[in-house]
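This one's a predicted model, so the numbers in the text were calculated from it and none came from an experiment. Lettering follows sequence order; numbering is per chain, from 1.
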Number of protein chains: 2
Amino acid sequence: MKRRAHETSIEDEEIDLSNNVGHLLRRAQQRTAAIYVEEIGREMSSPQFSLLLAILQEPGRAQIDFVQKVGIDRSTLSAMVDRLVKRGMLTRERAQHDQRVDALFITPKGTATVRRAIPGAYNVHRRVMQLLPVDLRVGFIKALTVLSEQPAEPSKPKPRRKSATAGEDDAE
Amino acid sequence: MKRRAHETSIEDEEIDLSNNVGHLLRRAQQRTAAIYVEEIGREMSSPQFSLLLAILQEPGRAQIDFVQKVGIDRSTLSAMVDRLVKRGMLTRERAQHDQRVDALFITPKGTATVRRAIPGAYNVHRRVMQLLPVDLRVGFIKALTVLSEQPAEPSKPKPRRKSATAGEDDAE
DNA sequence: TATTGTTATACTCTATAACTATA
DNA sequence: TATAGTTATAGAGTATAACAATA
């Protein structure tokens, strides 16, 4: 592991959860999720809301498009779409021009459901922002946006020379 | 996005994922999780690391203490501890003073595992921070800390007058 | 051969409720 | 009765790998 970052001997007491972005992000999301439930309820999970909203705005796109747009794994998305189709929120249609792709459409019921949730989504955003000191708000969203935009190689792993295989430079 | 709470008629196009804290937090966490895997691998999930670290720092505390400290649900934590015990990272010991509580201890193996992961944890933190413009970094952590600290009534629902029962003031 | 989507597998996390054994 | 922990359910999301159909 590339410990050259800080090759000092590290005491257990020197690290703690309060300066661990991963942990903080999880807690923050947890808090946000709680507010989400208060505002929107359990009819739709937050990722489901994101997906439905995206489809509402660009109906007819292929699943793969939403994978990238919404940031949900291919197989996860497939399962999510299954559930939402089962609940009458979405439909799948085989694309004519390419028989491999499923175009996604939102049903009237799905549309109504998302639209109903939109005010709640605003409230979630607003309430979370209100928890923060005013001077941190803009920067916070900026920071999250930057992190969200970083493409972690989203299903486009650029066919590197298949020679060596092995290490993703995973450093073990 | 601050279109004043709601009450206005909202067009679908006016809201989008790029100003939705919930969505942004999820994406950001996703990105962080990917870095976590690169640095630490799949030996431990991020929540497991948090838990082990907490126990390393305060061994012998009851499970319930870690529920609050680490922010993991009671039953989730129970299952996590099961897995970690099974993998020889933790032990449970019935507390003498209160036969209901399980005190948690980290084993030498667990200790070694966390300690080995600590440099990686630093790297995760560092790498995530480096993705951000310098001027956003401190504020970002501050904001996350604030959000993390908000207690969403963590298993301490304070026995309100048992009179009315009913509404958790859940609004809805 | 590459791409889209599905399926299988396996983990993990979350939440609720009911249950036990204590206190 | 309240608390600590477990267990049973149920629902989601995530990730990997393998596969079929299609391009």
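In the set dA12(D), dT7(C), dT4(C), dT7(C) carries the atom at the smallest distance from any side-chain atom of Ser75(A). Taking every side-chain heavy atom of Arg92(A) into account, dT6(C) is the closest of dT16(D), dT6(C), dG5(D). Nearest nucleotide to the Arg100(A) side chain, out of dT4(C), dG5(C), dA12(D): dT4(C). Distances from the side chain of Ile64(B) to the nucleotides dA12(D), dT4(C), dG5(D) place dG5(D) closest.
Residue contacts shown for Ala62(A) are limited to sugar-phosphate atoms, with no base heavy atom under 4.0 Å away. Residue Arg94(A) is out of contact with every strand shown, counting any heavy-atom pair closer than 4.0 Å. Looking at heavy-atom distances under 4.0 Å, Asp102(A) makes contact with sugar-phosphate atoms alone, never a base.
In the hydrophobic clustering of ILVMFWY residues, with side-chain heavy atoms under 4.5 Å counting as a link, Leu56(A) and Phe49(A) come out together. Both Leu25(B) and Ile35(B) are assigned to one and the same hydrophobic cluster, defined by single-linkage of ILVMFWY side chains at heavy-atom distances under 4.5 Å.
Neither OP1 nor OP2 of dA15(D) sits under 4.0 Å from any side-chain N or O of Arg74(A). Neither OP1 nor OP2 of dT14(C) sits under 4.0 Å from any side-chain N or O of Arg42(A). For dC11(C), neither phosphate oxygen OP1 nor OP2 lies less than 4.0 angstrom from any side-chain nitrogen or oxygen of Arg83(B). Phosphate proximity of dG13(D) to Gln29(B): absent, as no side-chain N or O sits under 4.0 Å from OP1 or OP2. Residue Gln99(A) places no side-chain N or O under 4.0 Å from the OP1 or OP2 atom of dT3(C).
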* Which is it for Arg127(A) and Gln130(A) under the side-chain hydrogen bond (donor to acceptor under 3.5 Å, both in side chains) test, yes or no, and what are the steps along the way? -> CA-CA 5 Å; Arg127(A) 285 180 58 187; Gln130(A) 282 176 346; over 6 Å; no
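Of the two residues near DNA chain D, Gln96(A) and Gly71(A), the one whose nearest nucleotide lies more 5' is Gly71(A). The nearest heavy atom of DNA chain C to Glu43(B) and to Ala79(A) marks one nucleotide each, and the one closer to the 5' end goes with Ala79(A). Map Gln63(A) and Gln30(A) each onto its nearest nucleotide of DNA chain C; the residue landing nearer the 5' end is Gln63(A).
At least one donor-acceptor pair closer than 3.5 Å links the side chain of Thr107(A) to the backbone N or O of Gly88(A). A donor-acceptor contact shorter than 3.5 Å is absent between the side chain of Arg61(B) and the backbone of Ala103(B).
Rounded to a whole Å, the CZ atom of Arg26(A) is 15 Å from the P atom of dT14(D). Between the CG atom of Leu77(A) and the P atom of dA15(D) there is a distance of 13 Å, given to the nearest Å. If you take CG of Asp73(A) and P of dT9(C), they are 18 Å apart, rounded to a whole angstrom. Taking atom CZ of residue Phe66(B) and atom P of nucleotide dG5(D), one finds them 10 Å apart after rounding to whole Å. The interatomic distance linking Met80(A) (CE) with dT7(C) (C1') rounds to 18 Å, in whole Å. We find that CD of Gln68(B) is positioned 8 Å from P of dA4(D), with the value rounded to whole Å. Atom P of nucleotide dT14(D) and atom CD of Gln48(B) are separated by 18 Å, given to the nearest angstrom. A straight line from NE2 of His97(A) to P of dT3(C) spans 15 Å, rounded to a whole angstrom.
Taking only distance into account, the side chain of Thr76(B) never meets the base of dT12(C) through a donor-acceptor pair shorter than 3.5 Å. Taking only distance into account, the side chain of Ser78(A) never meets the base of dT7(C) through a donor-acceptor pair shorter than 3.5 Å.
Annotation: the span from Asp82(B) atom CG to Leu77(B) atom CG amounts to 9.5 Å, rounded to 0.5 Å.
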